[in-house]
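We use all heavy atoms of the structure for the numbers below, so side chains are in, but hydrogens, waters and symmetry mates are not.
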Amino acid sequence: MKRIFLIIALSVSATAAIAQDHWQFTEASDLNIIGKILDGTPNPYHRVDTVKYKGFTNSENIQVRCPAGLAVLFKTDSDAISVKTEYGWEYKALNTMPLSYRGYDLYIKKDGKWLWASSAAAKPEKSGEHLVLISNMDNSEKECMLYLPIYCEIHSAKIGVLHGSEIAPLESPFRHRIAIFGSSYTHGISTSRAGMSYPMQLMRHTGLQFLSLGCSGNCKMQPYFADVLCDVKADAFVFDAFSNPDAEMIEERLFPFIEKLQAAHPGKPLIFLQTIYREKRNFDKHVDKFEHEKQETAARLMKEATAKYKDVYFIIPDASDKLHETSVDGIHPGDHGYTLWARSIEKPLLKILKKYGIR
């Protein structure tokens, strides 16, 4: 028993020694950041320049400055990888793991596929100190994808490798640019780690690049969000647009939203997702009525929209299983539910995109 404790102590000591003395750091923005919906933001980890684009509420202003859906691509021969972060605003909630909202999620390519390698987050009181993500690897060159935290503002994210190791930007293997504007579901609320939202799962599984503008509680087809989307350079657009607004708001805003986006992006597919079944309605009659009206209104209007407008589509996702046990808080699914969501829309989404040469 003493020997086991000694081995553990030596291992912790060795990690600490590496953490203190043997690292060289590169700012993540000097490598290759993918998933950005708009380039040229003064802070490279912001998704939208909130000085240029106006109209956001305080909550929306904060959220579009969080790097949800952003990942850093790099290659290195280091046998250990770490990260050192300077945070701005930080989210705190009980329904999402800290690993997701303030932590990092590392994938490394193996046999041609992205394979999960590590996820970690420093404790809030240790912000600014560097965090060892993984160690004890071999010294071969590794292709890495590091997802950034989904719900914290970042001023600096420095990736550490061991002194003498090489680190360089990795060219993106992901194809096309598919913008996705959505609610907390698209944002990734209730995920256990940063790479588990349904757009990020779709990205890894299909090889298509998704540019996430997920904003928890705030995807309501607002005109000022449409202004942002009008300036986005993308091959296709996906909208999780019916999860946050009520039935009356959907009725009022849907067609003007479509027409504004079509004027800015003629000939580009606009693909709308129905909102998912929220488990909270299982017994709460008020919630059940509210959700039913919202889904019914969305389905009715999208039937009209797909007949009225060219290049407009409607897909119905499913984030539940037979036992209805995918929910975390009655609203958001956990990782398994997001996996079900991604799989449920993959085939119809790819079928639509194929019509536009997006493969």
Side-chain angles (χ1 to χ4, degrees), residues 6-36 39 43-45 67-88 98-100 102-123 125-150 152-174 193-196 200 203-204 207 209:
L6 178 60
I7 291 171
I8 293 173
L10 287 172
S11 176
V12 172
S13 176
T15 301
I18 293 174
Q20 293 171 12
D21 302 319
H22 290 77
W23 298 93
Q24 60 189 40
F25 290 92
T26 302
E27 189 67 43
S29 58
D30 292 333
L31 297 166
N32 185 12
I33 294 180
I34 60 170
K36 278 204 70 164
D39 293 324
N43 180 324
Y45 308 111
L70 270 60
V72 186
L73 291 177
F74 62 96
K75 53 188 177 182
T76 182
D77 59 359
S78 178
D79 63 16
I81 298 170
S82 69
V83 65
K84 184 162 55 175
T85 312
E86 292 179 17
Y87 292 98
L99 283 174
S100 183
R102 72 183 318 274
Y104 293 83
D105 200 5
L106 177 65
Y107 280 75
I108 298 176
K109 190 167 280 190
K110 184 175 182 179
D111 299 327
K113 296 182 179 180
W114 292 110
L115 183 64
W116 178 85
S118 174
S119 56
K123 293 181 179 179
E125 63 269 21
K126 293 188 176 181
S127 294
E129 295 185 17
H130 96 263
L131 175 71
V132 178
L133 294 172
I134 192 168
S135 57
N136 302 312
M137 297 188 290
D138 60 38
N139 293 114
S140 64
E141 184 177 84
K142 292 164 280 290
E143 296 183 354
C144 303
M145 177 166 61
L146 182 65
Y147 289 101
L148 303 183
I150 73 165
C152 286
E153 184 181 19
I154 289 177
H155 295 315
S156 173
K158 294 181 179 178
I159 297 174
V161 297
L162 296 180
H163 276 303
S165 301
E166 294 184 358
I167 183 169
L170 174 67
E171 185 177 350
S172 176
F174 296 100
R193 48 190 174 84
M196 289 305 290
M200 298 305 99
M203 190 164 160
R204 290 193 301 274
Q209 181 181 195

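- Considering only heavy atoms from C-beta on, Ser135 stays 4.5 Å or farther from Leu162 through its side chain.
- For Lys142, the salt bridge (Lys or Arg N to Asp or Glu O under 4.0 Å) partners two or more places apart in sequence, or in a different chain, are Asp138.
- Contact of the Ile154 side chain with the Pro149 side chain is registered, since non-hydrogen atoms from C-beta on lie closer than 4.5 Å.
- Inter-residue side-chain proximity for Met145 and Phe174 is flagged as met; some heavy-atom pair is nearer than 4.5 Å.
- For the pair Met203/Ile34, a side-chain contact is recorded, criterion being any heavy-atom separation below 4.5 Å from C-beta on.
- Considering all non-hydrogen atoms of both residues, Leu133 and Ala120 come closest at CD2-CB, 3.9 Å.
- Between Trp116 and Arg193 the shortest side-chain heavy-atom distance falls below 4.5 Å.
- Looking at residues two or more places apart in sequence or on another chain, you find a side chain to side chain contact (heavy atoms under 4.5 Å, CB included) between Asp39 and Lys36.
- A search for side chain to side chain donor-acceptor pair (under 3.5 Å) contacts involving Thr26 returns nothing, not counting sequence neighbours.
- Rounding to the nearest 0.5 angstrom, the gap separating the NZ atom in Lys158 from the OG1 atom in Thr85 is 10.5 Å.
- When side chains are defined from C-beta on, Leu146 does not count as touching Leu31, because their heavy atoms never get closer than 4.5 Å.
- Of all heavy-atom pairs between Val132 and Ser82, the closest is CA-CB, 3.8 Å.
- Between Gly88 and His155, the closest heavy-atom pair is CA-NE2, 3.4 Å.
- The nearest pair of heavy atoms linking Pro98 to Ala121 is O-CB, 3.9 Å.
- Atom CD in Glu153 sits 12.5 Å away from atom OH in Tyr87 (nearest 0.5 Å).
- For Pro44, the side chain to side chain contact (heavy atoms under 4.5 Å, CB included) partners at least two apart in sequence or on another chain are Ser29.
- Under the 4.5 Å side-chain criterion, counting only non-hydrogen atoms from C-beta, Leu106 is in contact with Cys144.
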> What's the verdict on side chain to side chain contact (heavy atoms under 4.5 Å, CB included) for Phe25 and Ile159, showing C-alpha distance, side-chain angles and the deciding distance?
Replying inline: CA-CA 5 Å; Phe25 290 92; Ile159 297 174; over 6 Å; no
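- Contacts of Gln209 classified as side chain to side chain donor-acceptor pair (under 3.5 Å), with partners at least two apart in sequence or in another chain: none.
- Looking at every heavy atom in both residues, Arg204 comes nearest to Tyr147 through NH1-OH, 3.0 Å.
- Under the 4.5 Å side-chain criterion, counting only non-hydrogen atoms from C-beta, Met137 is in contact with Ile81.
- Distance alone, capped at 3.5 Å, places no donor-acceptor pair between the His130 side chain and the Val83 backbone.
- In this structure, the separation between OH on Tyr104 and CG on Leu148 is 6.0 Å, given to the nearest 0.5 Å.
- Without hydrogens or angle criteria, Glu166 side chain to Lys75 main chain gives no donor-acceptor distance under 3.5 Å.
- The environment of NZ in Lys109 is crowded: more than 12 heavy-atom neighbours from other residues, nucleotides or ligands sit within 6.0 Å.
- Distance check, rounded to the nearest 0.5 Å: CD1 of Ile150 to CG of Leu70 gives 12.5 Å.
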> How far apart are the C-alpha atoms of Ser78 and Ile167, what are their side-chain angles, what is the distance that settles it, and do they pass the side chain to side chain contact (heavy atoms under 4.5 Å, CB included) test?
Replying inline: CA-CA 8 Å; Ser78 178; Ile167 183 169; over 6 Å; no
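- Taking OG of Ser118 as the reference point, atom CD1 of Ile108 lies at 8.5 Å (rounded to 0.5 Å).
- Between Ala194 and Asp105, the shortest heavy-atom distance links the atoms N-OD2, 3.7 Å.
- Distance check, rounded to the nearest 0.5 Å: CD of Glu141 to CD of Glu143 gives 7.0 Å.
- For the side chain to side chain donor-acceptor pair (under 3.5 Å) test, residues two or more places apart in sequence or in another chain that qualify with Glu27 are Tyr45, Ser156.
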